[in-house]
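Note that these values count all heavy atoms, side chains included, but never hydrogens, waters or copies made by symmetry. For clarity, every value in this text was computed on a predicted model and none was experimentally measured.
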Amino acid sequence: GMLELLQSLTDGLSFNVFETVSTKPETINSTVLVKRAAASVSWLLIKRNISLVVSDSESTLVADPHLIVRVMTNLISNAIKFSPTGATIQLSTRAAEGNFEVEITDQGPGISEENVKRLFQKFEQVESADGEKRAGSGLGLLICKQFVEAHGGRIGCKSEVGKGSCFWF
């Protein structure tokens with residue numbers, strides 16, 4: 001609808017893919033980040049009748065909250081886009097060995113191994129296992145990758161066709 005259109009337009013405006021991302025880190029609790037991300041997709045969850053199940057470690061981390069929330073929001077939005085009505089998406093966070101880890105797992109159609117390799121390349125729009133390309137996920141993942149890497153982090157995807165996907169960073 002109109003809101004999605006506005007969101008996709010402003011997403012494009014506020015970020016240039018070819019610029020170096022500068023972070024404004026602050027000490028923040030993961031719960032705050034998770035709540036902000038969940039709040040920003042709540043209307044989409046309701047619209048599609050999808051549940052977001054959160055398992056949060058309540059970790060303290062030093063990161064740019066705006067960028068991390070954008071990454072979470074992007075990945076949850078993608079998960080919603082690929083999920084059947086009534087599905088559940090899981091968001092979990094944990095602190096491990098000095099890292100802060102986030103996983104977003106969906107019950108969507110999954111992505112083939114060759115397509116997983118192409119996911120984070122520039123402007124690739126990868127088909128999901130059901131053969132459909134969903135609008136908007138191509139650039140979103142590239143932005144996620146740049147935001148995560150600006151924090152010295154890594155991002156990836158584990159997926160099996162027919163068994164959903166797990167995006168992690």
Review point. So, do F120 and I155 sit near enough that their side-chain heavy atoms are less than 4.5 Å apart?
Key: yes

**Study point:** Contacts of N99 that satisfy side chain to side chain donor-acceptor pair (under 3.5 Å) - sequence neighbours left out
**Key:** none

Study note, to complete from the structure: Separation between CZ (R70) and OG (S77), nearest 0.5 Å, reads 10.5 Å

Exercise for review: Return the minimal non-hydrogen interatomic distance between C144 and N74, and the atom names on each side.
Suggested key: SG-CB, 3.4 Å

Review point. Once you round to the nearest 0.5 Å, how far does CD1 of I28 lie from OG of S59?
Key: 12.5 Å

Practice item. Look up atom CG in L52 and atom CD1 in I76, then write down how far apart they are to the nearest 0.5 Å. Key: 5.0 Å

Exercise for review: Using only heavy-atom distances, determine whether the side chains of S165 and S159 contain a donor-acceptor pair under 3.5 Å.
Suggested key: yes

Point to revise | Contacts of type salt bridge (Lys or Arg N to Asp or Glu O under 4.0 Å), residue E160, not counting sequence neighbours | key: K163

Check your understanding: Please, which pairs that meet salt bridge (Lys or Arg N to Asp or Glu O under 4.0 Å) have at least one residue in residues 51-62, sequence neighbours excluded?
Key -> none

Point to revise | Partner set under side chain to side chain donor-acceptor pair (under 3.5 Å) for E149, not counting sequence neighbours | key: K145

Revision key, fill the gap. Distance col, row W168:CH2 vs T105:OG1, nearest 0.5 angstrom, shows 13.0 Å

Review point. How would you list all residue pairs meeting salt bridge (Lys or Arg N to Asp or Glu O under 4.0 Å) that involve residues 92-109, not counting sequence neighbours?
Key: R94-E101, E103-K158

Study note, to complete from the structure: d(L75 CG, C166 SG) to nearest 0.5 Å is 10.0 Å

Review point. Is there side-chain contact between S30 and F100, with at least one heavy-atom pair below 4.5 Å?
Key: yes

Let me check something: any side-chain donor-acceptor pairs from residues 60-68 under 3.5 Å, sequence neighbours excluded? List them with distances.
from: D64; atom 1: OD1; to: H66; atom 2: N; distance (Å): 3.0
from: D64; atom 1: OD1; to: L67; atom 2: N; distance (Å): 3.3
from: D64; atom 1: OD2; to: K24; atom 2: N; distance (Å): 2.7

Review point. Taking C-beta and beyond as the side chain, do F167 and V71 meet within less than 4.5 Å on heavy atoms?
Key: no

Revision key, fill the gap. OG of S83 to CD1 of I50, rounded to nearest 0.5 Å, is 4.5 Å

Review point. Can you name the closest pair of heavy atoms from V102 and M72 and give their distance?
Key: CG2-CE, 3.9 Å

Check your understanding: Has the side chain of T93 got a donor or acceptor atom that lies under 3.5 Å from a matching backbone atom of S57?
Key -> yes

